Every structure is written in C-alpha cells, then in structure tokens.
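The chains referred to below are lettered A, B, ... by the order of the sequence lines, with proteins before strands, and numbering in each begins at 1. Treat the numbers as computed from the prediction; the structure is a model and nothing was measured.
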Amino acid sequence: MQVVPYKKEGYQLLHDGAICFSEMHQHGIHIDSKHLKGEYKRLKKEISNLSKLLESHEEVKIWKRKYKDNFSFESDVQLSDILFKELHYEPTKFTKIGNPSVDKEALSALHSSFTDRLLKLRFYSKIQNTYLKSLIEETCNGYIHPFLNLQTARTYRSSGSFPNVQNQPIRDAEAGEIIRKAFIPREGRLLVGVDYGGIEVKTAALYHQDPTMLGYLRNPEEADMHADFACLIFKLDDLDTNNSGENKLRKATKNSFTFPQFYGDYYKNNATVFWEWLQFSGKKIKRNEGPVIRNDITIGQHLINKGIKNFDQFVKHIKKVEHDMWNKRFPVYSKWKDKHYKEYLKNRFVTILSGFVCQGAMGKNDVINYPIQGLAFHCLLWSCIRLNKLLKKYKMKTKLIFQIHDEIVADVVPEELDDYLELLKQVMVEDLKTHWDFINVPLEIEVKKSEVDGNWFNMEKTMTYIN
DNA sequence: GGAACTCGCCAC
DNA sequence: AAACGTGGCGAGTTCC
C-alpha cells in the first residue's frame, strides 16, 4: 500500500508542512523536570509497595517457584502460563494468534485480588516506563523537541516520536494529571490548545454529500445526530441533555455506536460495548441497572418496559437500528461507500481531495477511511502552516509547539492572546474554507487555555467558534 | 547483542 | 462475506 501526492497541491502541502513541523520541533516544549523526577520517584515507591503486597499471593509464589531468576511481573508469557496452564483458569479471551490473553479485560474477568493488584502495578509501570521515563530522557535544558513525521502514516496523517507527543494520557484522570502537568509554557506565558470539532464526520460528508448528514452539520443548533440515534437505540421519544442520565445515553451512543459505525464496525460489537457502558451485569437486564433517566426510572427498567429483556434481544434491536441508519437515514452516504469501494476494485486506487492517491492492497474499511482521515488531518496541516507563517510575519513571540491530528498547541505570550485567538478564527475557520472551496459545511474550533505559568493538565475551555 | 516478533496500552 | 481506522513504544521473547 502506497500513498503519493498526485497533484502539485498535495506535494506543496507536504513540502510546506515539513518545514513548519521542523520549526515546531526546534521551538520545543518547556518541561517541568522537577515534577517529572518527583513523580518518577513516587511511582517507584508505589510499584515497590505493590510488588511487596503481591508477594503474599499464592499465584506469585507458584510463579516465582517456576521462573526463579527469570521471574518478572512484566512478562505476559509467564503470567499466561501460570494462570491458564498451572492454575487451570478458563481463558475468556484470546490474542490475535490464539494464545490466552492477559490484557485488562481478561484479567478483570478473573475477579481476584491478585489480578486486581497486578493491573494496578501494570498501570503505574506504564506511566513510569512509557511516559515519565521517555520524557526525562528526552529533556534537554528544560525542553523536549519531539519529532512530527509526515512520511509514515498510510493515510498521510502525521505521527510523532522521541517522544510521541500524540499519545500522552488524558482519558484516565490520574495518568493525565501525572503526565500533563509536566508540559508547561515558557516563563510568563500560557498554553493554548485549539481543535477542530467533528472534523472527520465533516470530511466524510465532503465525499458522500448525504443530504441528511449535511442537514445535521449545517444546523447544529437544531439537529443532534447522537441524540437522535440514542432515541432509536433506547426507544425514547426525545432526549433531554440536561438530564444527566439521558446525557450519558447520548455519550454512550456516540462512543459505542455512531463513531464505530462510521469506522466500519457492526452491530454485534456495538451491543457488547454498550453492555459495558451501561454496566449491565448479566445477560438478562435487571430493573435496577443502568443510568437513571426521567421520572426516576433506570434505563434497565425502561428497556424491559419496551420489550427488550436480555442481551440477545438488544443485539437484534441494534441490528435493526444499524439497518435504519444506513438504509433510511443515510442512504446516500451508504451508496457512496459502495460506489467508492467498487471504483477502488476497478482502478486499484482512490484519491484524497487534498491531492493524494492511495494505492495498493486495501480492505474495504481502509478504502473508505483513508481519504476521510487523511483529509481531516490535511485541514489541520494547512492551518498549522498558515498560522506559523502569520505568526512570523507579524513578528509575534507566540510559538506553535506541537500538533495532535486535529489539535494545535501553542506557547502564547499573554499580551498576544487576543490577537492569537483572532488568528485562529481567521485561519482555521475562514481562510481554510476559501482555500478549499469544496468544504461546503460549517467548520468549528474549540479553544482551551492554561493559566499563565500553568500546565497542560489544567486547561480551561475559553471559546468555540463556528462559521 | 541486535533484529524481528508478540502483546499490551496510550492517543486521535 | 466480513466485521473498528491511524499511529508509537516498552517489555519480554525468540532467533540468528
């Protein structure tokens, strides 16, 4: 599989992008070394305490007896051997090549104090070895200078390395706090992050032009796609986003159904993920389970009232919603996917609107996803290049420092903050649409900022802007 | 002692 | 018929 620019425009984008990223690389990110070293020490102690506690478990005694000097808590091979061969636990999950899995899900399923403790150790070890350690190693005179690569991803997205700034923890609050507090602005400055809202859904629409989807994107005040799907899935007449339980259902729908469907997932997986989200304990739905919705009833009770009493019935229902999604709600999107894939089978390549060709052996999901994902990133790349040029042109001291696919982070001088925000609006929302006139949906940016001398963990939402 | 592999897990 | 897209990286393991 190969991706190449096929228009001069595509080539130019990468050329300018490489220069821009190399300047961001030179700018570097200010790092709180004291915080890093303190946390590293703290976790070392934490891990050592957990190790000691683990020694008392029967499983570890057997493990150590068998592996002697080679024993390691980090060895999945050893762990798998002890649990499933020595102790004869029943595996619930298997790896790609068919070995019993010892990932988080598999270990949690064993419900033992030993595996719970081991998972905790593994979590701290991940933070320590993957994040703290590499940040400490890469820090030079108080700064890291991470690489942002344009030559590696099949989709012509970017990647990051030494260290990879694109996968720093955030979803887990504890890990996020430990790591992101180390990312700080230059003295007397603040960090400002800006990201494009829903950019992949929008770039998809630029290809398929489904009228229903265009409607959602053009009327964000009146139409809410995720809420609409939540209503279908949970058999609700409408959804009240001010009700916290119902808002949870909307979020679960977005993460367990709508987005996975766009990436090419299917109803059976969706249903399984929903079960986790809703925290349903067994196959049979119980009256007292799940988030509480209006009139103080649980979603468990509500589903039972609507005739969905167990997992199998729920799966069948999701299958129906999936069918409705692609055949009734988004038939034009659906037809585009088929047509686009057939064209690939005929030509053996597909093009990206920003001026690239994807060619070679690809699966159906790849053929559909690459042009969408690539173009979404190219929107950000174009903005990065333009912003960087204008900051230099206006002789501003504010610097772009890194980028995460649909987000740009800058180190901002407080006196320049308002000007920088204006630049963001102008470039990311207005100028990009002029540059690529095929963008016929509104663009939206969301801006977060830290305090002056703050950090990347404590970011506060400051502005959204839609055109 | 390094290359290539597996597995697990972090991000968008 | 098939079944979630893109990456980086650490630790352990195996092979040469």
Side-chain angles (χ1 to χ4, degrees), chain A residues 1 3 67 70-81 93-107 118-119 121-135 137-138 146-172 174-176 178-180 193 195-201 203-204 255-273 319 322 337 341 358 362-377 380 402-408:
Chain A
M1 154 61 214
V3 184
Y67 285 94
N70 287 325
F71 165 85
S72 168
F73 280 127
E74 309 276 353
S75 171
D76 298 331
V77 176
Q78 292 177 16
L79 178 59
S80 182
D81 179 49
K93 195 182 170 186
F94 295 88
T95 67
K96 206 170 108 193
I97 60 169
N99 297 321
S101 169
V102 288
D103 71 3
K104 199 173 169 182
E105 190 192 331
L107 293 190
L118 190 64
L119 281 172
L121 183 138
R122 200 189 256 180
F123 171 71
Y124 285 129
S125 170
K126 171 81 178 170
I127 299 174
Q128 192 189 40
N129 294 320
T130 305
Y131 298 105
L132 292 173
K133 204 170 127 199
S134 70
L135 282 170
E137 277 170 9
E138 293 296 336
F147 290 87
L148 294 166
N149 316 302
L150 282 171
Q151 311 86 344
T152 50
R154 299 155 72 80
T155 54
Y156 253 93
R157 257 188 169 190
S158 62
S159 75
S161 48
F162 301 105
N164 178 6
V165 277
Q166 298 187 319
N167 72 345
Q168 304 297 313
I170 187 168
R171 291 172 200 172
D172 180 277
E174 188 183 359
I178 294 170
I179 301 303
R180 291 195 175 216
D195 68 271
Y196 275 119
I199 192 70
E200 284 193 7
V201 177
T203 52
N255 292 321
S256 313
F257 181 77
T258 325
F259 282 150
Q261 281 286 339
F262 287 150
Y263 282 132
D265 203 1
Y266 81 124
Y267 65 94
K268 263 189 193 166
N269 283 341
N270 300 150
T272 310
V273 180
K319 184 179 179 180
E322 178 190 274
K337 290 203 293 185
Y341 183 53
C358 308
M362 293 181 271
K364 185 175 180 183
N365 286 342
D366 300 336
V367 170
I368 290 160
N369 282 320
Y370 290 2
I372 296 167
Q373 206 175 83
L375 182 58
F377 168 65
L380 187 96
F402 61 102
Q403 150 278 131
I404 314 176
H405 307 303
D406 66 355
E407 175 182 1
I408 302 169

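Using modelled atom types, one finds no donor on one side chain facing an acceptor on the other under 3.5 Å when comparing A:Q373 with A:Y263. For the residue pair A:N129 / A:S125, a side-chain donor-acceptor distance below 3.5 Å is found, with atom types taken as modelled.
Residue A:D195 is classed as having no contact, given no heavy-atom separation below 4.0 Å to the nucleic acid. Across all strands shown, A:K133 has heavy atoms under 4.0 Å from sugar-phosphate atoms exclusively, and none from any base. Among the heavy atoms of the strands lying under 4.0 Å from A:I170 are primed sugar atoms or P, OP1, OP2 only; no base atom is included. Here A:Q373 lies in heavy-atom contact (under 4.0 Å) with a base. At the heavy-atom level, A:N369 lies under 4.0 Å from the strands shown only through sugar-phosphate atoms. A:R122 comes within 4.0 angstrom of sugar-phosphate atoms only, judged by non-hydrogen atoms across all strands, and of no base. Across all strands shown, A:F71 has no heavy atoms under 4.0 Å from either base or sugar-phosphate atoms. Residue A:S125 is out of contact with every strand shown, counting any heavy-atom pair closer than 4.0 Å. Among the protein residues, A:Q78 comes within range of the sugar-phosphate backbone only, with heavy atoms under 4.0 Å from sugar or phosphate atoms but none that close to a base. A:T152 comes within 4.0 angstrom of sugar-phosphate atoms only, judged by non-hydrogen atoms across all strands, and of no base. Within 4.0 Å of A:K268, counting heavy atoms only, lies no atom of the nucleic acid at all. Within the nucleic acid shown, A:V102 comes within 4.0 Å of sugar-phosphate atoms alone, with no base atom in reach, counting heavy atoms only. Within 4.0 Å of A:I97, counting heavy atoms only, lie sugar-phosphate atoms of the nucleic acid but no base atom. Residue A:G363 is out of contact with every strand shown, counting any heavy-atom pair closer than 4.0 Å.
Between A:Y370 and C:dT6 there is a side-chain N or O to OP1 or OP2 distance below 4.0 Å. Contact between the side-chain N/O atoms of A:T95 and the OP1/OP2 oxygens of B:dC7 is found at a separation under 4.0 Å. In terms of phosphate contacts, A:R157 brings no side-chain nitrogen or oxygen within less than 4.0 Å of OP1 or OP2 of C:dG5. For C:dC4, the OP1/OP2 oxygens have a side-chain nitrogen or oxygen of A:N269 closer than 4.0 Å. Using a 4.0 Å cut-off, some side-chain N or O of A:N129 falls inside it from OP1 or OP2 of C:dA11.
In the set B:dG8, C:dA3, C:dT6, the nucleotide with an atom closest to the side chain of A:S101 is B:dG8. Residue A:N99 has its side chain nearest to B:dC7 when only B:dC7, C:dA11, B:dC9 are considered. Closest to the side chain of A:T130, from the set C:dG8, B:dA11, C:dG10, is C:dG10.
Residues that satisfy the side-chain hydrogen bond (donor to acceptor under 3.5 Å, both in side chains) test with A:Y196, not counting sequence neighbours, are A:S383.
The six-membered or imidazole ring of A:F71 lies near that of A:F73, with a centre-to-centre distance under 6.0 Å.
A:F73 has its CZ atom 16 Å from the P atom of C:dA11, to the nearest Å.
No donor-acceptor pair closer than 3.5 Å links the side chain of A:Q168 to the backbone N or O of A:I179.
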